[in-house]
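One structure is given below, encoded as structure tokens.
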Amino acid sequence: MKYNPQEIEKKWQDFWERNNFWRAQDFSDKPKQYILVEFPYPSGEGLHVGHVRGYTAMDIIARKRRMEGYNVLFPIGWDAFGLPAENYAIKKGIHPSKTVEKNIENYRRQIKSLGLSFDWSREINTTNPKYYKWTQWIFVQLFKKGLAYQAEIPINWCPSCKIGLAHEEVVGGKCERCGTPVVQKKKKQWMLRITKYADRLIDDLKSLDFLDEIKTQQIEWIGRSYGTEIDFRVKDSDKIIKVFTTRPDTLFGVTAVVIAPEHPLVDELIKPPYLKEAKDYIERSKHKTEFERTKLEKEKTGVFTGSYCINPVNNEEVAVWIGDYVIATYGGGAVMVVPAHDKRDYQFAKKYGLEIKEVIKGGDISREAFVEYGRLINSGEFSGMTSQEAIEKITQWLEKKGLGKKTVHYKLRDWIFSRQHYWGEPIPIVHCSKCGPVPVPEEELPVQLPYVEKYQPTTTGESPLATIEEWVNVRCPKCGGPARRETDTMPNWAGSNWYFMRYCDPQNDDRLADFDKLKYWLPVDWYDGGPEHITLHLLYSRFIYKFLYDIGVTPTSEPYHKRTLHGIVLAQDGRKMSKSLGNVVNPDDVIGKYGADTLRVYEMFMGPFDQAIAWNPESVNGVFKFLRKVWNLVIECKNNQENNLEVLKKVHQLNKKISEDIEQAKFNTAIAAFMEFVNFAQANKEKIGKKVLERMLLLLAPFAPHISEELWKVTGHQRSIFEEKWPEYNPELVKEETILLVIQVNGKVRDKIEVSADISQEEAKKLALKQEKVQNWIGNKEIKKVIFVPKKLINIVV
RNA sequence: GCCCUCGUGGCGGAAUUGGUAUACGCGCAACGCUUAGGACGUUGUUCCUGUAAAGGAUUGGAGGUUCGAAUCCUCCCGAGGGCACCA
């Protein structure tokens with residue numbers, strides 16, 4: 001009998017599916033576990049080996065949990081709205097729903113061929129009207145609570161995709177999807193007030209079991225900073241420029257104020273003879289994207305307005321400048337310039353000849369800005385205070401005089417939720433000339449996406465839906481008068497914000513999901529996904545979830561208890577896999593050659609789970625050899641009744657290691673331990689008994705389910721291995737009685753001796769000093785100190 | 001520019017979190033075996049000196065803390081990722 005994965009894998013996959021092995025039960029006496037992977041976007045390229053890595057890891061967790069006696073929910077679905085299907089439709093004239101259907105079929109086949117234990121009865125699809133009915137319903141609730149609103153603001157506009165991009169979607173000044181440089185354009189957009197949840201999105205992270213770097217990412221993105229808003233009155237005017245700073249302790253060092261070109265007071269402030277120069281400058285900045293403006297480190301520019309304002313703390317006159325490095329939407333669009341204590345301000349002052357006034361002691365301001373905290377000088381009554389003190393005291397002073405106040409600022413901005421595209425959920429709003437924007441009544445949801453002939457966005461920037469008159473023209477739900485449908489659609493994230501909730505009750509037509517079912521399953525116990533989603537998707541879905549919690553739809557305030565990430569699988573050349581580079585590894589090929597178990601085990605073995613690792617075809621072969629060794633070992637020793645203590649100990653030690661490594665997502669070292677055990681077993685075949693083999697197979701089952709199931713049967717079992725209990729190790733058998741004690745002299749290893757594990761320091765010292773090698777190193781030098789680390793080493797210092 | 005992660009043999013990586021550096025796999029080499037296969041088995045494989053015993057060096061580099069550092073601290077170099085005049 002040879003190990004032939006092709007013969008056994010399909011058989012067991014069918015067996016598990018036929019017998020509904022992975023069906024999750026709503027409400028059970030067993031404790032629940034909700035194990036979640038990010039649902040894939042079914043692209044035309046098919047499943048990526050990177051998907052396999054995350055899915056296999058969570059499949060291992062899910063299978064182990066079931067064996068541990070949990071009622072496990074491990075679902076899968078499709079995040080199927082999005083641009084690629086639409087762009088394909090534009091190119092080939094095939095309706096996106098057709099393309100998506102075909103891609104899903106392929107993905108489903110590929111995922112099934114991996115032997116993943118998904119509960120397919122709960123499969124969802126964001127493009128199904130029965131699903132997006134509830135995506136639209138959520139939008140209506142947001143609208144009713146004033147969290148969805150329209151605003152005419154400069155948005156990031158991709159001239160190629162003809163689509164407005166959220167601030168967060170702009171990568172390097174370019175469209176995240178197509179790479180075209182983004183330009184600024186004003187358009188009426190639907191916005192979601194995520195900023196209202198900024199504090200909770202930061203503060204609630206405390207109670208969650210997310211990797212630290214994920215928490216940091218979220219916190220950094222929201223970018224909360226406490227500071228002071230200071231009023232600078234414009235000279236000879238009653239107008240006030242409000243400036244935000246985190247360093248009010250440097251207020252006496254202000255030698256200019258810089259405002260954004262879009263600042264509301266700009267027109268009033270620019271005066272002859274600087275009028276023309278300033279206007280030209282403003283005009284030029286309009287042609288730059290926000291990215292360009294903030295990018296140009298060397299070319300930090302500005303222009304004097306001709307106006308002055310008054311520093312409230314000392315009544316000094318301060319010049320007002322315009323600089324396009326100041327962004328209108330952050331911090332009120334005005335900054336105070338303190339050249340002595342801010343790097344950027346220092347450069348700015350050097351370039352334009354502004355005064356550099358030292359107010360914090362500790363640096364050499366003739367050479368560079370001193371940006372650290374220190375003691376104040378040249379600061380009137382505040383001189384002598386530390387920066388920390390002065391920040392408090394100066395702010396209090398300003399507040400008392402009504403010239404400033406403590407404020408909080410966030411980097412996070414409200415979320416632009418409109419897309420001018422076809423392949424997305426229609427925004428369920430009707431515009432009435434009398435009533436304004438009116439939500440579509442809930443009983444009329446979903447607003448179905450109509451069939452169109454032309455998918456191309458219109459050149460005016462409107463969605464293709466705008467051209468379907470019979471769809472657009474409707475009666476106002478409120479007054480019955482003539483009205484027009486909103487033609488924008490929702491972004492990709494709309495459907496993926498809440499999909500994990502739908503898995504709890506995927507067929508419900510009356511509610512997003514039954515509350516009791518949500519209460520049973522949520523929060524998700526372990527959520528794994530790619531590093532590319534740890535900021536946006538995580539933040540957005542937490543926001544929506546919190547909102548739904550506030551209106552009583554969800555039972556908890558956070559959706560995910562534990563979140564991990566899996567590193568990207570790179571091509572063999574260390575670069576990202578891409579069609580154009582021709583370095584893509586197709587999981588189908590690997591399965592065809594080696595089988596799913598080899599692919600699974602290889603992806604777990606290739607390196608640390610959270611790090612990016614390059615594909616190595618030769619290592620894949622090594623993993624196959626390992627599985628074949630397991631196979632041959634079981635076939636050869638299955639009737640052996642031997643019960644050797646040494647071997648028993650080894651397999652219990654393996655048991656401990658595997659159990660612990662899985663929980664810490666250290667799959668690579670778990671496999672290594674397996675290999676060691678199998679190598680040992682192979683060299684000691686006569687000592688290997690059936691009991692040992694069975695325990696080994698139970699431990700291997702989550703990693704390589706097919707071969708384990710087959711060998712379980714081969715060893716004479718009728719029941720599936722996945723109906724067995726996860727093995728517990730015997731602590732007595734895991735203990736080591738003897739250890740190799742390392743003997744160091746002056747911190748260098750000089751000898752090793754085998755001693756009993758609980759040897760005392762005195763005994764260890766006596767034994768160590770007897771060793772010939774040790775004596776040679778000590779000679780007749782005096783022993784100053786002996787350090788003894790139980791079970792590890794003894795260090796003799798001479 | 002700022003922030004995060006990281007840097008260990010020919011390669012992917014391991015190291016109980018301050019206690020034997022290089023586990024496991026790949027590759028390579030020698031020997032053996034065979035139904036010549038995706039072969040298999042045994043042994044060896046960080047570097048330097050040495051036939052060997054043994055000794056010395058070594059975790060990107062330079063310092064430091066410590067009886068003891070891949071691990072902690074400071075500076076520097078390099079790679080990847082994120083953010084970006086964020087005040």
Side-chain angles (χ1 to χ4, degrees), chain A residues 2-3 168 171-173 212-213 216-217 220-221 223 225 227-228 243-247 250 258 290-291 293-301 323-327 329-338 342-345 347-348 409-411 531-532 534-535 567-568 570 574 593-594 598 602 605-608 610-626 628-629 632 657 660 666 668-679 682-683 740-752 773 784-798:
Chain A
K2 269 173 110 181
Y3 174 43
E168 290 88 337
V171 176
D212 280 342
E213 57 182 296
T216 309
Q217 278 267 25
E220 294 280 312
W221 187 267
S225 65
T228 307
V243 162
F244 175 73
T245 180
T246 54
R247 292 295 302 273
T250 63
V258 181
E290 185 177 303
F291 179 78
R293 282 167 53 178
T294 55
K295 166 92 181 169
L296 298 173
E297 169 68 19
K298 298 156 223 158
E299 274 297 301
K300 184 159 65 176
T301 61
D324 64 11
Y325 69 92
V326 178
I327 302 300
T329 49
Y330 186 85
V335 300
M336 60 186 212
V337 178
V338 187
D342 183 284
K343 271 187 192 166
R344 292 170 307 268
D345 293 351
Q347 284 174 25
F348 193 77
H409 278 258
Y410 304 91
K411 288 184 204 170
E532 68 275 23
I534 60 171
T535 320
I568 310 162
L570 301 167
K593 196 170 173 195
Y594 296 104
T598 296
Y602 169 66
F605 181 62
M606 66 196 303
D610 58 355
Q611 272 171 45
I613 308 282
W615 189 265
N616 181 348
E618 276 154 349
S619 272
V620 180
N621 193 44
V623 167
F624 177 77
K625 290 199 293 198
F626 159 68
R628 192 172 48 194
K629 274 188 205 175
N632 293 336
K657 174 87 176 147
E660 289 171 358
K666 289 167 75 174
N668 54 332
T669 51
I671 306 291
F674 249 117
M675 289 171 166
E676 266 177 279
F677 176 79
V678 172
N679 287 342
Q682 195 175 258
L740 208 57
L741 186 77
V742 170
I743 305 171
Q744 295 184 332
V745 178
N746 285 347
K748 285 200 187 283
V749 179
R750 293 306 178 192
D751 207 351
K752 299 163 193 180
K773 281 188 199 165
K784 279 193 195 150
K785 208 171 170 186
V786 175
I787 289 131
F788 178 67
V789 183
K791 293 182 184 177
K792 290 260 155 59
L793 59 72
I794 184 160
N795 185 13
I796 298 157
V797 186
V798 295

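All values derive from a computational prediction rather than experimental measurement. A, B, ... follow the sequence lines: proteins, then strands. Residue 1 opens every chain.
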What integer distance in Å separates [X]:[atom1] from [N]:[atom2]?
X: A:L570; N: B:rC6; atom1: CG; atom2: P; answer: 17 Å
X: A:L741; N: B:rG19; atom1: CG; atom2: P; answer: 15 Å
X: A:K792; N: B:rG19; atom1: NZ; atom2: P; answer: 7 Å
X: A:I671; N: B:rC24; atom1: CD1; atom2: C1'; answer: 11 Å

(request) Determine which nucleotide pairs with B:rC86, using a 3.5 Å limit on both distances of a Watson-Crick or G-U wobble pair. (result)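 None - no nucleotide pairs with B:rC86, as no candidate has both distances under 3.5 Å.
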
(request) Provide the Watson-Crick or G-U wobble partner of B:rG19, both distances under 3.5 Å; none if there is no partner. (result)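 Pair assignment: B:rG19 / B:rC67.
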
Taking only the [atom1] atom of each, what is the distance from [N] to [M] in whole angstrom?
N: B:rU22; M: B:rG41; atom1: P; answer: 25 Å
N: B:rA69; M: B:rG1; atom1: C1'; answer: 33 Å
N: B:rU49; M: B:rU65; atom1: C1'; answer: 33 Å
N: B:rU71; M: B:rG61; atom1: P; answer: 11 Å
N: B:rA39; M: B:rU34; atom1: C1'; answer: 9 Å

Between [X] and [N], does any side-chain N or O lie under 4.0 Å from OP1 or OP2?
X: A:N679; N: B:rG25; value: yes
X: A:K629; N: B:rC24; value: no
X: A:K785; N: B:rC67; value: yes
X: A:R750; N: B:rU20; value: no
X: A:Q682; N: B:rG41; value: yes

(message) Over all strands shown, is A:V742 touching base, sugar-phosphate only, or nothing at heavy-atom distances under 4.0 angstrom?
(response)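 Base: the residue A:V742, judged by heavy atoms under 4.0 Å, touches a nucleobase.
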
Taking all atoms of both residues into account, what is the closest heavy-atom pair of [X] and [Y], and its distance?
X: A:Y602; Y: A:N616; value: OH-N, 2.9 Å
X: A:G747; Y: A:N795; value: N-OD1, 3.0 Å
X: A:T669; Y: A:K666; value: OG1-O, 3.1 Å

(message) Quick check: on RNA chain B, is the nucleotide nearest A:L740 upstream (toward 5') of the one nearest A:G747, or the reverse? Name the residue that is more 5'.
(response)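 Comparing both residues, the 5'-ward one is A:L740.
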
(request) Hey, which sits more toward the 5' end of RNA chain B by its nearest nucleotide, A:V749 or A:V797? (result)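 It is A:V749 whose nearest nucleotide is closer to the 5' end.
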
(message) side-chain contact (heavy atoms from CB on, under 4.5 Å) for A:M606 and A:W615? Distances and angles first, verdict last.
(response) CA-CA 8 Å; A:M606 66 196 303; A:W615 189 265; 4.3 Å; yes

